[in-house]
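As the structure lists them, so they are numbered: ligands from 1, and atoms in each ligand from 1. This is a predicted model, so every value here is computed, not measured. By convention here, the first residue in the shown sequence is residue 1.
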Amino acid sequence: MDWLKLPGLVDVHTHLRVPGGAHKEDFATGTAAALAGGITQVLAMPNTSPPLVTRDVLQKTRQVARQTIRCDVGLFAGASPAHIAALPELAEEAVALKIYLNDTFGPLRVEDVPTLLACFRMWPREKMIAMHAERQSVAVGIGLCAAFERPVHFCHISRKEEVELIAEAKAQGLPVTCEVTPHHLFLSQADLPRLGALGDMRPVLGTPEDVAALWAHLGSTIDCVATDHAPHTLVEKRSDNPPPGVPGLETSLPLMLTAVANGRLSLERLIDLMATNPRRIFGLPEQPDTWVEVEMTPVKIRNDGLFTRCGWSPFAGMQVAGRVARVVLRGKVAFENGRLLAEPGSGELWPIPGEKL
Ligand code: NCD
Ligand code: ZN
């Protein structure tokens, strides 16, 4: 199998850094990186500066997005105790709600039950609630899912105990779903001496046992692969107080194709994890005449030539099994052999207020 034709891939967890972080990434560079990675549809997280927790900030960000995105984008709204009343109006212009239960980059956090209750009461039932939940916070999310009888999606599940909890909840018939990142599948704590701060992200890298559990559940409990593309500059990462997060849009598909080449994953399952399931879970629109052509050939991941503004990858130097040769989005060639053809503003932004997704 030298050449593969895949559907346009969907990444439900990216940080495109607008507003407030354009020195790390912006909509034009982030969506360029997505296309170079075979991803045609991305959801962007709300932990921006200021965060996407008020209608004003969300509307201004949507305006910038409309003019600059090169692939299709939806924005998450963020849950913030100070702005709970804004949830119904945010819901009109956001694809889903993100609740941060644990510490990570930026100040968005929910640590009290009244705010959680308000989120689950006020956010429209037909739109997803996604959670950054680690360790016992996963049990909190499962409890809310059961109490309110509505779907909950868990972001970047990284530990054996967490994926096992989610497997139990699914066995009970609860509507929980979850994603894993390629960095939690392909790196572990054993890589930290080599990577230093370039291997620091939230959740932190797991033990080899955690990594083995994620692989074991990839064919069953785990619904999606999502990048958690979290670009920071090398200067920031090498500073005394490095922010957590690593980029991932351009390396996700090549890494997962390597798992296919090594017999760890079927191509059918890769398509479920990277296109079919994320689109279904978040209710995202189909993209007609959209596909990705991949050449299955050994290549080395390199920092130069990356489209992400941060310009580095924790996987630099690693050999992977395939490369994205061509991406066609709605009938137009968007990316071809290292050349980006999609113009800023050519992507579509969802949801369109007043229209169902
Ligand atoms: C993310 C970031 O930099 O915005 N960092 C990270 O380590 N994953 C925040 C997040 O997704 O938790
Ligand atoms: Zn994230």
Side-chain angles (χ1 to χ4, degrees), residues 10-27 29-30 33-34 39 42-53 61 73-80 95-111 128-135 137-138 141 153-159 162 178-187 189 191-192 195-206 224-239 241-249 251-252 278 282 308-310 312-314:
V10 184
D11 186 0
V12 296
H13 193 143
T14 70
H15 298 266
L16 300 183
R17 303 300 191 206
V18 178
H23 64 291
K24 303 172 196 273
E25 198 77 285
D26 63 25
F27 286 123
T29 58
I39 295 162
V42 303
L43 299 188
M45 286 293 166
N47 64 332
T48 48
S49 186
L52 307 185
V53 297
T61 307
V73 171
L75 302 179
F76 273 91
S80 155
V95 165
L97 178 68
K98 175 74 180 280
I99 304 180
Y100 289 89
L101 295 181
N102 297 97
D103 260 21
T104 189
F105 179 67
L108 266 190
R109 208 80 70 241
V110 176
E111 283 166 331
M128 186 52 89
I129 294 181
M131 286 190 176
H132 178 142
E134 300 188 39
R135 299 191 189 274
S137 299
V138 174
H153 178 78
F154 291 98
C155 302
H156 42 49
I157 285 301
S158 65
R159 295 180 181 90
E162 297 164 353
C178 69
E179 69 195 32
V180 291
T181 70
H183 49 263
H184 291 115
L185 287 171
F186 285 87
L187 299 172
Q189 288 168 8
D191 295 291
L192 284 175
L195 289 171
L198 300 190
D200 181 38
M201 74 294 285
R202 299 295 172 273
V204 296
L205 291 175
C224 317
V225 167
T227 64
D228 192 11
H229 176 81
H232 299 286
T233 66
L234 276 176
V235 170
E236 290 165 336
K237 289 299 262 185
R238 288 175 179 152
S239 70
N241 195 12
V246 298
L249 281 167
T251 47
S252 181
F282 283 86
T308 174
R309 182 162 285 150
C310 74
W312 63 276
S313 163

Novice: Would you check, one step at a time, whether the test side chain to side chain contact (heavy atoms under 4.5 Å, CB included) holds for V138 with I157?
Specialist: CA-CA 9 Å; V138 174; I157 285 301; 4.1 Å; yes
Novice: Numbering the atoms of ligand 1 from 1, which are under 4.0 Å from a heavy atom of A230?
Specialist: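 Under 4.0 Å from A230, ligand 1 has these atoms: 1 (C), 2 (C), 3 (O), 5 (N).
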Novice: Report the part of M45 in contact with ligand 1, treating N, CA, C, O as backbone and CB onward as side chain, heavy atoms under 4.0 Å; options are side chain, backbone, both, neither.
Specialist: neither
Novice: As an exercise, state the distance from OG1 of T48 to CZ of F76, rounded to the nearest 0.5 Å.
Specialist: 13.0 Å
Novice: Pairs of nitrogen or oxygen atoms closer than 3.5 Å, one from K98 and one from ligand 1: do any exist?
Specialist: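 No, K98 has no N/O under 3.5 Å of an N/O on ligand 1.
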Novice: Once rounded to the nearest 0.5 Å, what's the spacing between atom OH of Y100 and atom CE of M45?
Specialist: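 Reported value, rounded in 0.5 Å steps: 5.5 Å.
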Novice: How many angstroms lie between OG1 in T61 and CG in L52, if you round to the nearest 0.5 Å?
Specialist: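 So the OG1 of T61 and the CG of L52 are separated by 5.0 Å.
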Novice: Per the side chain to side chain contact (heavy atoms under 4.5 Å, CB included) rule, which among M131, H132, R109 passes with N102?
Specialist: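 So the option named by the test is H132.
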Novice: Which of the atoms in ligand 1, numbered in the order shown and given with their element, are less than 4.0 Å from a heavy-atom of H13?
Specialist: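 So the atoms of ligand 1 that pass are 11 (O).
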Novice: Please state which protein non-hydrogen atom is closest to atom 8 (N) of ligand 1 and give its distance, to 0.1 Å?
Specialist: D228 OD2, 2.8 Å
Novice: Just which atoms of ligand 1 are under 4.0 Å from any heavy atom in M201?
Specialist: 7 (O)
Novice: With S158, which of H183, H184, M201, R135 fulfils side chain to side chain contact (heavy atoms under 4.5 Å, CB included)?
Specialist: H184
Novice: Using a 4.0 Å cutoff against the non-hydrogen atoms of N47, which atoms of ligand 1 qualify?
Specialist: 2 (C), 4 (O), 9 (C)
Novice: Working to the nearest 0.5 Å, report the span between CG of L187 and CG of L192.
Specialist: 8.5 Å
Novice: Pick out which of H232, E236, R309 makes a side-chain hydrogen bond (donor to acceptor under 3.5 Å, both in side chains) with H23.
Specialist: E236
Novice: Check whether any side-chain N or O of K24 sits under 3.5 Å from a backbone N or O of A230 as a donor-acceptor pair, and report yes or no.
Specialist: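 Side chain of K24 to backbone of A230: no pair is present.
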Novice: Is any side-chain N of the basic residue among R202 and D200 closer than 4.0 Å to the acidic one's carboxylate O?
Specialist: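 Yes, this pair counts.
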Novice: Ignoring hydrogens and geometry, is there a side-chain-to-backbone donor-acceptor pair from K98 to A77 under 3.5 Å?
Specialist: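 Side chain of K98 to backbone of A77: no pair is present.
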Novice: With atoms numbered from 1 as shown, which atoms in ligand 1 lie under 4.0 angstrom from a non-hydrogen atom of P244?
Specialist: 3 (O), 5 (N), 6 (C), 7 (O)
Novice: Before signing off on this row, confirm whether G245 and ligand 1 have an N or O atom pair separated by under 3.5 Å.
Specialist: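 Among all N and O atoms of G245, at least one is under 3.5 Å from an N or O of ligand 1.
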Novice: Of the protein's non-hydrogen atoms, which lies at the shortest distance from atom 11 (O) of ligand 1, and what is that distance?
Specialist: H15 NE2, 2.9 Å
Novice: Measuring from atom 2 (C) of ligand 1, which candidate in E134, R202, R17 has the nearest non-hydrogen atom?
Specialist: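 Going through E134, R202, R17 one by one, R17 has the nearest heavy atom to atom 2 (C) of ligand 1.
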Novice: Please give me the protein atoms (N, O or S only) lying under 2.8 Å from the Zn ion (ligand 2), ordered by chain and number.
Specialist: H13 NE2, H15 NE2, D228 OD1
Novice: Note the single closest protein heavy atom to atom 12 (O) of ligand 1, along with its residue, its atom name and the distance in Å.
Specialist: T104 OG1, 2.5 Å
Novice: Rounded to the nearest 0.5 Å, what separation is found between the CZ atom of R238 and the OG1 atom of T233?
Specialist: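 The OG1 atom of T233 is 9.5 Å from CZ of R238, to the nearest 0.5 Å.
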Novice: List ligand 1 atoms under 4.0 Å from H132, heavy atoms only on the residue side.
Specialist: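 Listed by number with element: 12 (O).
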Novice: Could you go through L101 and E134, starting from their C-alpha distance and side-chain angles, then the distance that decides it, and tell me whether this counts as side chain to side chain contact (heavy atoms under 4.5 Å, CB included)?
Specialist: CA-CA 8 Å; L101 295 181; E134 300 188 39; over 6 Å; no
Novice: Return yes or no for this condition: an N or O of Y100 is under 3.5 Å from an N or O of ligand 1.
Specialist: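 No, since none of the N or O atoms of Y100 sits under 3.5 Å from an N or O of ligand 1.
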